[in-house]
Every structure is written in structure tokens, then in C-alpha cells.
Amino acid sequence: MTPLETLKRYFGYDNFRSGQETLINAALDGKDVLGVMPTGAGKSICFQIPALMQTGITLVVSPLISLMKDQVNTLTQSGISAAYINSSLTGWQIEKVMRYALNGTYKLIYVAPERLLSQDFLQFAQHANISMLTVDEAHCISQWGQDFRPSYAKIPEFVASLPQRPVLSAFTATATTKVREDIANLLKLNSPVALITGFDRQNLYFEVQRAKDKDKYSALTAFLNNKKEKNGIVYCATRASVEEVCEKLKTDGYNASRYHAGLADTERHDNQDNFLYDRAKIMVATNAFGMGIDKSNVSFVVHYNMPKDMESYYQEAGRAGRDGEPANCVLLYSKQDVRTNLWMIENDKEAEYPDEETEKVLKERERKRLREMTFYCTTNDCLRGYILKYFGEKPPNCCENCGSCNTNFEMVDITIDAQKILSCVARMKERFGVKLLIEVLKGSKSEKVLRLGFDKLSTYGICEKSDKVLREIIEQLILSDYLLKTDDEYPVVKLGEHAAEILHGGGKVQMKLSKEKPKAEIAENKKQFTVRQIDNKLFTALRDLRLEIAKEQDVPAFVIFPDSALIDMCLKMPKNEAEFLNVSGVGQVKMERYGERFLKCLRLFLY
């Protein structure tokens, strides 16, 4: 079979997504591969199809047990023999998997990185016909990545121990240029075919709501008001916040569950399964939840607190809309989020550093990424554009499908205010932070202002604008390089590279400020991602049938068929097996297993 025939037979799709075929063909030609593809872009297909077409076994290094379990369940449902090896199995079960693999039973084996150099696995690998080794979540090998894992550093040693080097393929959803270079170098990829498919997820609607901590729960419930039947994730920065938000949601009638590292293993596992199997609609969690969760019908992701970097945010937000349907990504931002993240950077007890110098360099890098994340939360420019620029793309100025683009702004000349602020920074000798700068500009009589003699400066008390507006202007000046905010533990404000243009060159500065306008007008102007019109009663009937089958198979419902496949059934209304095979996501095996039951349900609505 060709790669396209394999795609149709096992996965039920007629065409490859962008970039998939290039990487598949490269792996089949024996070339190393590096794929950077956003969550939901179909990374798994890029190594699963070569695995099916090669003669030997493909080992997939994966960091989380939940990821392996979901992937193996999905493959098994599609008629593909796969297994996993991790700490959830007994020694006897692991020995059985390896014995079956040597006999040719499995095409793919998912394995935890910690397992690679164990004596029993090394012995198995010495005798197995390993065609390809795939490194999933490959950013974990880089200390510059957002989720560095020392166990990934052992992968090259494992490869070197094999009697014959297999094809190496590495995949990740988010990676800056530095991280991509690290992945290629540390894994020792041989002239890899590298592909970055683009980070844009057009079905995701991005929005930032600025709210004080005490107002965040009200903002959350206002967003959730008409979404009780939708599946979604609410990310919180701390375990205490998870507990508080989850309890409040349950009290208010929401079907919510919780997940964080402080829970017992059994409860974490049960709660995760409840979410995967649609028994819980909302998962309230820390960032310990989600990597590798292959749940396709997540309609929204809300960040109750700002994450510490853009890589983490985009990966977590990207867990919404994996089925291609419209989904919302909302971030609730407050200044306290910055302080919380700074504290976490300085007090991360789980971080592993080889020496003090490396620790210093990496913490400075984390503070810089936090500053860039803060800019995202405070910019009035296109949010999608900000994300795409961060990852090295050149998007248009307006996407018409984010909170900024759908807010009515007016351009305001802030040149006078900018001159006052820059002059004040210069007179304060570029040695202090934003808070003290605002106090001096506003004429505060705080103890520190008076002790330092800043009440004698010519810029003391020259601004009448509110603290909030002044902070927004300062943030805009930092974004535009008129000011520079250092990445130290206690950041200070300095003059930026363009400051002279305002202070001495007669330059002008403008910024966007939002204007109030009726909600109806906002809704009217909002670009709508195409929503396919379907018979809701039929969709509900198909969804109920899917749930019934999922319970019989003891797998999550989306493993049987994603929502997008059910929607396509509603649109195409297949009458027989041949037509059922034309439904997106229906392969040969699933048609043979479930076709008649779904066709019977569809016939009830045909006549």
C-alpha cells in the first residue's frame, strides 16, 4: 500500500494535512526527521504510517503514561497492533510485551524514556528489529525548552547501544529556533528533513481578560454560563487555586473534576479517566495535566492564571479544538500572576541544574520568557499575531478572530506622556522598577520616594493619569523598545534603544486604547469560524451510540470516533458501507466493527 492508501485504510482520511506527507516519505526513505507541528496538526500520523509500512518495530519515546495509553487505545481501535511499556505494568506484563514484540506481534511500542537503559529493555532492543525510533515531545531534551526532562538526555546513549542505528524522528508542538537546534544536536540527527508546518490554529479564538484576582471567578462563570454541556479545561497556577475553583464550580452546578500533583495517584488517575470518558465535563488542573492527552472534543481552555511562558501557554491552549471545530482559548490575567510566576521560577524545587552558572543562565531565560508572556497579556495588538511572531512567523496585522481584533480601539497620541515617563526614568538613574516610577510620576509621598529624594525631581508629580493607564503606557513603551525592562529577579526599567527618538528626535508615539461599544456590535463584527449546520437530534443520537460502544470497549468515546466524524456523518448521511467509508475519520477496520450500528442509527433519520 502507498502512504495515502494506508492513511485511508487505518485512519479514514482521504488526504494528508500540511507537511505530513513530506515527513512520512522522508522517514520511509531512511532519512532522519524533525517535525514542529502545533497541537492538533497530526504529528502522530507522521510516525505511525511509516511504522505500519516498515518491516520492523517503531519505538516511540513518550513522557507520560496517559499519552501512551490513549495512543495505543486509538491505534488498537483502528486495527493496528501496538503496546506500551511503562511503570503502570507489572514485570510479567512488560516481559510479555517484549516477547510478543520479538515475535512480530506489534508494529509500535511506546516506551517511557526512563525505561530505555534498563537491563531488560536493552537486552530486548539488542535482539529486536527496530526500524525507527521516534521521540515524541522532543522539546523535553532541551534545557531551553519549557519542559526539560533529564531522562531524555539518555536517548542518544540508547541509540548508540543498538547493533544497527534506526531512522530517528523527533516531533514537538512548540519550539523556538534555539530549542529546534538543541533537539537536532542532542539527538544527533543526521541531516534531518526538518519541517515547521506553521503554528496557526485558525479554529481557535484567543482572548485575554484583565481582572483582579477577586473578580476572576465571576469572569470564569460568565464565560461558562452557556457551556455546561461542553468539555473544557481550566488551568490554575497552584494546587490551592485548583481546589478552590473546582469546589466553587461544583457548588454552582458544574460537572467539574480536579487534577494536580498533590492528589493520590489513584484519584488523579480516576479523575483523568472521568474527563476522558466524558463523565466529568470540566477539568480544573495545574499544568501537571494535559501533555499527551489526546481528547479531541475539548471546546475551551481557560487559563485562570497566566502561564510562565508562551510555549506552555500555546501548548496548553492548543488542547482545545483538536477535532478542527471552533474552540475558545481565554486567559484571565492579573498583575499578581506575574509575582506568582516569578516566585515559582526562583523556588522551583523540581528543577535540575548541573551547576550554579547554568542555573543562573536558565533562570534569566525563564524571566525573559515570563516578560514576553506578560506582553501578550497586556498588548492591544492582534493576539494571534503576537503568538505567531513569537514562534518566528510573519502574520497579518489583524486576524479578525481574537479578543483584540474584535475590540473597538482608537489610536491615541501618547507622545507627551512618553516624554514625561522617559525623562523620569533618566532622572531616577535607570535603577528602579515600574511601581516606584509610577509613584514618582504621580507625586506619591511614600516613605521610599521621600527617603530617596525623588520628590525633588522635576518629573515628580507631573502625571495626572491613573495608575492603570500609566502602567498600560509604560508596557506599550516597553513593547516598542522605548523602554527596557530587565530580566533580573527584581526587574528595573531602563531607557530603550528608541528612547532618544522621543526625548531628543521629535518622534511621535501612538497606542491603541479600547473604546466602549455595544456587545451586539462586537458580536456582529466578530469573524466566525465556519460552523457546519447539522441536525442536533441526529448528532445527539450518534453521540449516545458512540458512548454506548465506548462503554462496551472500555475506552474514551473520542477513541471510537471524534466529534468531527459524527458531524460529517450528519452532513453526508451515508446509506451503506461504501458511503460510510467516505466519512472523514472512518477507516476500513472501524467500518467493519461499527459501520452497521451507525448506519442503523442514521437510517432512522433518513426515512
Side-chain angles (χ1 to χ4, degrees), residues 27 32-34 44 47-48 50-51 54 56-69 71-72 82-172 175 179 182-190 192 265 291-292 350-355 358 362:
D32 287 352
V33 160
L34 173 57
S44 299
F47 59 81
Q48 288 169 349
Q54 291 165 335
I57 299 168
T58 290
L59 296 181
V60 183
V61 180
S62 178
L64 291 178
I65 291 172
S66 58
L67 170 63
M68 302 182 197
K69 185 178 178 182
Q71 294 265 355
V72 170
Y84 56 78
I85 295 175
N86 56 44
S87 59
S88 71
L89 302 182
T90 65
W92 178 83
Q93 288 173 318
I94 291 172
E95 189 276 329
K96 182 179 177 183
V97 169
M98 291 190 294
R99 187 173 69 251
Y100 279 23
L102 289 173
N103 292 335
T105 301
Y106 301 121
K107 295 299 293 180
L108 293 101
I109 296 179
Y110 288 75
V111 59
E114 298 82 3
R115 178 70 52 178
L116 291 175
L117 295 181
S118 64
Q119 194 59 44
D120 57 343
F121 194 82
L122 279 172
Q123 187 174 358
F124 155 73
Q126 294 289 327
H127 296 90
N129 176 19
I130 299 173
S131 301
M132 184 167 68
L133 184 136
T134 294
V135 182
D136 203 7
E137 309 292 351
H139 61 272
C140 293
I141 199 171
S142 172
Q143 289 186 339
W144 297 97
Q146 75 273 20
D147 194 31
F148 170 62
R149 298 189 179 216
S151 57
Y152 266 58
K154 303 293 185 182
I155 295 173
E157 183 180 345
F158 170 74
V159 174
S161 74
L162 298 174
Q164 185 173 346
R165 184 187 186 276
V167 172
L168 296 187
S169 58
F171 296 90
T172 182
V179 174
D182 255 8
I183 292 170
N185 293 333
L186 294 172
L187 288 176
K188 300 179 181 178
L189 301 180
N190 291 336
D265 288 347
M291 183 187 285
E350 296 182 4
E352 299 182 36
Y353 304 103
D355 52 62
T358 301
L362 292 180

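- Applying the side-chain contact (heavy atoms from CB on, under 4.5 Å) test to Arg99 and every residue at least two apart in sequence or in another chain returns Glu95, Lys96, Asn103.
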Query raised in the report: Run the side chain to side chain contact (heavy atoms under 4.5 Å, CB included) check on Val61 and Leu116 step by step: do they pass?
Result: CA-CA 9 Å; Val61 180; Leu116 291 175; 4.1 Å; yes

Query raised in the report: How far apart are the C-alpha atoms of Gln126 and Ser161, what are their side-chain angles, what is the distance that settles it, and do they pass the side chain to side chain contact (heavy atoms under 4.5 Å, CB included) test?
Result: CA-CA 8 Å; Gln126 294 289 327; Ser161 74; 4.1 Å; yes

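- Residues Asn86 and Ala112 come closest through the heavy atom pair CB-CB, 4.3 Å.
- Summarising the geometry of Ile57 relative to Ala128, their closest heavy-atom pair is CD1-CB, 4.2 Å, with the distance given to 0.1 Å.
- Rounding to the nearest 0.5 Å places CG of Asp265 at 11.5 Å from OG of Ser88.
- Looking at Ile130 and Leu162, their side chains come closer than 4.5 Å, going by heavy atoms from C-beta outward.
- Side chains of Tyr84 and Val111 form no contact here, defined as non-hydrogen atoms less than 4.5 Å apart.
- With rounding to the nearest 0.5 Å, the separation of NZ in Lys188 from CD in Glu157 is 9.5 Å.
- What you find for Leu189 and Leu34 is that their closest heavy atoms are CD1-CB, 4.2 Å.
- Asp32 contributes a side-chain N or O that, together with a main-chain N or O of Asn190, makes up a donor-acceptor pair within less than 3.5 Å.
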Query - Test log, rule side chain to side chain contact (heavy atoms under 4.5 Å, CB included), inputs Val60 and Leu108 - result: CA-CA 7 Å; Val60 183; Leu108 293 101; 4.1 Å; yes

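- A donor-acceptor pair is defined here as one N or O able to donate and one able to accept, closer than 3.5 Å; such a pair exists between the side chain of Ser118 and the backbone of Arg115.
- Nearest heavy atoms, Leu168 versus Arg165: CD1-NH2, 3.2 Å.
- A heavy-atom distance below 4.5 Å is found between the side chains of Val72 and Tyr110.
- Expressed to the nearest 0.5 Å, how far CD1 of Ile109 lies from OG1 of Thr134 amounts to 12.5 Å.
- Summarising the geometry, atom CG belonging to Asp136 is positioned 6.5 Å from atom CD belonging to Gln71; distances are rounded to the nearest 0.5 Å.
- At distances below 3.5 Å, not a single donor-acceptor pair connects side-chain atoms of Gln123 with backbone N or O atoms of Asp120.
- In this structure, the ring-ring contact (aromatic ring centres under 6.0 Å, His included) partners of Phe121, at least two apart in sequence or on a different chain, are Phe124, Phe158.
- If you check the side chains of Glu137 and Thr172, you find no donor sitting under 3.5 Å from an acceptor.
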Requested in this report: Decide yes or no on side chain to side chain contact (heavy atoms under 4.5 Å, CB included) for Val167 and Leu133, but give the supporting numbers first.
Outcome: CA-CA 6 Å; Val167 172; Leu133 184 136; over 6 Å; no

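- Between the NZ atom in Lys107 and the OG1 atom in Thr58 there is a gap of 7.0 Å [rounded to 0.5 Å].
- Remark: Tyr152 engages no residue in a ring-ring contact (aromatic ring centres under 6.0 Å, His included) (not counting sequence neighbours).
- In this structure, Asn129 CG and Gln54 CD are separated by 9.5 Å, a value rounded to the nearest 0.5 Å.
- Taking each heavy atom of Ser131 and Gly56 in turn, the nearest pair found is OG-N, 2.8 Å.
- By the 4.5 Å heavy-atom criterion applied to side chains, Pro50 and Met132 are counted as neighbours.
- The minimum heavy-atom distance linking Ile183 with Ala170 is given by the pair CG2-CB, 4.0 Å.
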